Amino acid sequence: MIPAAAGSEAPSLRPITDADLPLLLRIYASTRTGELAPLPWSEEQKQAFLRMQFEAQHRHYQSHYAGDRFDLLLLAGTPIGRLYVGRWPSQICVIDIALLPEYRGRGIGTRLLRELIAEAQAQGKNVSMHVEKNNPARNLYLRLGFVKHEDAGVYDLMVRAPD
């Protein structure tokens, strides 16, 4: 991990387990509440939709990215998010990064991404990620040197090449 700034602890990672699924659902749901807010659905309908979407995403990630890293992000032992990363021969792929709302905007995601960029830089690799076009973190990715590489419908493939 990159050293923590004065007065803050560096985040740590541990592999997810099936026991983490309720927490992972909560992390996932926290990234979608804004987009569901204007819908005239009941809270039960929204929760059922989020559960269905999370389960589909989780199955897809586990099958499509088998062998890659699926980690829970911890701060002082407290779960605060998830980081899923593929380390492939040609690139480091950020499969997913998500923080609970109360931990966003505190530099944690920036620290993690800078660490991955440094790792990729040392190996002469790109860092890539698919980013929803309306993702508020897009500006962070741009500041870190990611550029839109390909339009993939709802997502853009963003790539950060080594310097």
Side-chain angles (χ1 to χ4, degrees), residues 11-75 77-106 108-113 115-117 119-120 125-142 144 146-160:
S12 62
L13 303 170
R14 74 153 171 79
I16 64 169
T17 68
D18 286 345
D20 296 318
L21 289 174
L23 173 61
L24 293 168
L25 169 58
R26 186 164 62 97
I27 294 166
Y28 171 80
S30 77
T31 69
R32 304 287 305 271
T33 54
E35 106 187 62
L36 295 182
L39 297 178
W41 296 352
S42 71
E43 193 56 34
E44 288 96 15
Q45 289 171 314
K46 289 178 184 180
Q47 291 305 313
F49 175 78
L50 289 168
R51 190 171 30 265
M52 177 186 67
Q53 292 291 300
F54 167 74
E55 289 170 358
Q57 182 191 68
H58 185 74
R59 276 192 311 274
H60 172 75
Y61 284 168
Q62 295 298 304
S63 65
H64 190 72
Y65 298 103
D68 290 323
R69 291 285 311 245
F70 299 94
D71 290 311
L72 198 62
L73 179 57
L74 306 165
L75 193 61
T78 300
I80 64 165
R82 67 183 189 179
L83 179 64
Y84 300 168
V85 177
R87 287 174 172 85
W88 305 338
S90 63
Q91 66 182 301
I92 293 177
C93 176
V94 179
I95 299 163
D96 196 280
I97 182 171
L99 299 172
L100 289 168
E102 59 269 30
Y103 295 96
R104 296 177 194 153
R106 296 170 61 178
I108 297 166
T110 301
R111 176 180 288 154
L112 292 166
L113 290 170
E115 180 179 309
L116 291 171
I117 290 166
E119 179 184 337
K125 295 180 180 180
N126 291 338
V127 179
S128 67
M129 66 174 76
H130 281 89
V131 180
E132 287 184 351
K133 294 181 188 303
N134 63 348
N135 185 330
R138 175 183 284 279
N139 289 331
L140 166 64
Y141 306 146
L142 293 170
L144 291 174
F146 286 85
V147 295
K148 178 179 170 181
H149 182 73
E150 178 183 311
D151 186 319
V154 176
Y155 299 92
D156 286 331
L157 174 60
M158 297 187 77
V159 174
R160 177 25 163 112

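Keep in mind the model is a prediction, meaning the values are calculated, not measured.
Distance CD/Glu115 to CG/Leu13: 7.5 Å, rounded to 0.5 Å. To the nearest 0.5 Å, the span separating CD on Gln91 from CE on Met129 amounts to 11.0 Å. Going from atom CG of Leu74 over to atom CG of Leu83 covers 11.5 Å, rounded to the nearest 0.5 Å. One finds the CG atom of Asn134 at 9.5 Å from the OH atom of Tyr155 (value rounded to the nearest 0.5 Å). Interatomic distance, CZ of Arg87 versus CD1 of Ile92, reported as 5.5 Å (0.5 Å rounding). Leu50 contributes atom CG, which lies 8.5 Å from atom OG1 of Thr33 (distance to the nearest 0.5 angstrom).
In summary, of the residues considered (Leu73, Ile97, Asp96), a side-chain contact (heavy atoms from CB on, under 4.5 Å) with Arg82 occurs for Asp96 alone.
Residues Ala37 and Lys46 come closest through the heavy atom pair O-NZ, 3.5 Å. Pairing each heavy atom of Val127 with each of Phe146, the nearest pair is O-CE2, 3.5 Å. Minimum heavy-atom separation, Pro89 to Lys125: O-CE, 3.3 Å. Taking each heavy atom of His130 and Ala152 in turn, the nearest pair found is CD2-CB, 4.2 Å. The nearest pair of heavy atoms linking Leu112 to Pro11 is CD2-CG, 4.1 Å. Closest approach of Ile95 to Gly86, counting heavy atoms only: CD1-N, 3.7 Å.
Residues Arg26 and Pro79 are not in side-chain contact: their nearest non-hydrogen atoms beyond the backbone lie 4.5 Å or more apart. The side-chain heavy atoms of His149 and Ser128, taken from C-beta on, include no pair separated by under 4.5 Å. With contacts defined as side-chain heavy-atom distances shorter than 4.5 Å, the pair Leu21/His58 qualifies. Here the side chains of Val85 and Asp68 are not in contact, with every heavy-atom distance at 4.5 Å or above. Annotation: side chain of Leu113 is in contact with side chain of Leu140 (closest heavy-atom distance under 4.5 Å). Looking only at side-chain heavy atoms (C-beta outward), Arg106 and Ile80 stay at 4.5 Å or farther from each other. No side-chain heavy atom of Met158 sits less than 4.5 Å from a side-chain heavy atom of Leu144. The shortest distance between side-chain heavy atoms of Leu24 and Leu72 falls below 4.5 Å.
Side chains of Gln57 and Gln53: no donor on one and acceptor on the other come within 3.5 Å.
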*Before giving the answer on side-chain contact (heavy atoms from CB on, under 4.5 Å), spell out for Arg32 and Phe54 the whole-Å C-alpha distance, their side-chain angles and the decisive distance to 0.1 Å.*
CA-CA 10 Å; Arg32 304 287 305 271; Phe54 167 74; over 6 Å; no
_Verdict with supporting geometry, Leu36 and Gln45, side-chain contact (heavy atoms from CB on, under 4.5 Å)_ = CA-CA 10 Å; Leu36 295 182; Gln45 289 171 314; over 6 Å; no
*Could you walk me through whether Lys133 and Asp151 pass side-chain contact (heavy atoms from CB on, under 4.5 Å), step by step?*
CA-CA 9 Å; Lys133 294 181 188 303; Asp151 186 319; 3.2 Å; yes
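In summary, the aromatic rings of Tyr61 and Tyr84 are positioned with their centroids under 6.0 Å apart.
Arg138 is linked by a salt bridge (charged side-chain N to carboxylate O under 4.0 Å, His left out) to Asp156, counting only residues two or more places apart in sequence or in another chain.
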